[in-house]
Enquirer: 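Take this structure first; my questions come after.
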Amino acid sequence: MTLAVFFGCTFIAFGPAFGLFIFTIARDPLRIIILIAGAFFWLVSLLLSSLIWFIAVKASDPQDERLQKGLLIFGVMFSVLLQEAFRFLYYKLLRKAIEGLVALSEDGCSPISIQQMAYVAGVGFGLMSGAFSMINLLADALGPGTVGIHGDSQLYFLTSAFMTMVLIFLHTFWGILFFHGCEHRRWWEIAAVVIMHLTVSGLSFCNPLYVGSLVPSYLLMAAAAAWAYLLSGGSAQNLRRFLLCLRSGASPQPGS
């Protein structure tokens, strides 16, 4: 049973992201480098926020429950802001990288666009975030023990896996929205990403009422996905063609 939980939660949390990596990133060495660098930037932001959290906890009274809860909320919000600050730094770094690639290319064009960089960087942020969210839970899922044997929710591992999956996708979409906002100086798009990130992180305080955290997170993911799709040049017509498996320029048959 523990192996079934382990593999089931692993495939739920990382299966879709692994598919994105295989089909859209793995064949391009430059995209792999951008993904790894994005994961590194997220990791550095986590290390810095963990350091601040460690200092704050050590400097506070561990017996004061109200203070500890306030520090927990502060730590989550500070971590989110730090992640978005490092996303901005990574955008600046990639912008410089594009200028260097253009200077080195023979035709004066970059081999990768800023939109593609935004997507790959978002996947890198999401994969590293998901790995740190689930690695300890997956280790516990191997047993020994039975989830919920003492009256707790038996859906803990399953909901954690679905939450990890949605966070990976959200980071991907947030990367596209954030880079687009930076590229076109639309600061309200950047603010929207930060607000959505703070909202999803704050929803985790609804647990163990998992419906209160999962459902709004998936609704935000759907909204962010639609927004990122439109900013990337997508349209309702292109989506319809994709769903109907139509080629560009073809018209649907009558009755289809």
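By convention here, the first residue in the shown sequence is residue 1.
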Enquirer: Rounded to the nearest 0.5 Å, what's the gap from CG on L48 to CD1 on I52? Could you check?
Expert: 7.5 Å
Enquirer: So, for F78 and F74, is the gap between ring centers shorter than 6.0 Å?
Expert: yes
Enquirer: Answer yes or no: is there a donor N or O on one side and an acceptor on the other, between the side chain of S217 and the main chain of S213, under 3.5 Å?
Expert: yes
Enquirer: Taking I168's backbone N and O only, do any of them form a donor-acceptor pair with T172's side chain (distance below 3.5 Å, no angle check)?
Expert: yes
Enquirer: I want to check a possible cation-pi pair here: R87 against F41, using under 6.0 Å from ring centre and within 45° of the ring axis as the test.
Expert: no
Enquirer: Do R31 side-chain atoms and T24 backbone N/O form a donor-acceptor pair below 3.5 Å?
Expert: yes
Enquirer: Drop me the distance from I195's CD1 to W188's CH2, to the nearest 0.5 angstrom.
Expert: 11.5 Å
Enquirer: Would you check if the side chain of S49 reaches a backbone N or O of S45 as a donor-acceptor pair within less than 3.5 Å?
Expert: yes
Enquirer: Between Y91 and F179 (side chain of the first, backbone of the second, donor and acceptor by atom type, cut-off under 3.5 Å), is there such a pair?
Expert: no
Enquirer: Report, as yes or no, whether the 6.0 Å neighbourhood of atom CD1 on I135 holds more than 12 heavy atoms from other residues, nucleotides or ligands.
Expert: no
Enquirer: Applying side chain to side chain contact (heavy atoms under 4.5 Å, CB included) to M196 and L177, what does each step give before you reach the verdict?
Expert: CA-CA 11 Å; M196 283 191 288; L177 298 175; 3.9 Å; yes
Enquirer: Supply the members, apart from L72, of the Ile/Leu/Val/Met/Phe/Trp/Tyr cluster built from side-chain contacts under 4.5 Å; use none for a lone residue.
Expert: W53, V57, L67, L71, I73, V76, M77, V80, L81, V194, L198, F205
Enquirer: Rounded to the nearest 0.5 Å, what's the gap from CE on M117 to CD1 on I114? Could you check?
Expert: 6.0 Å
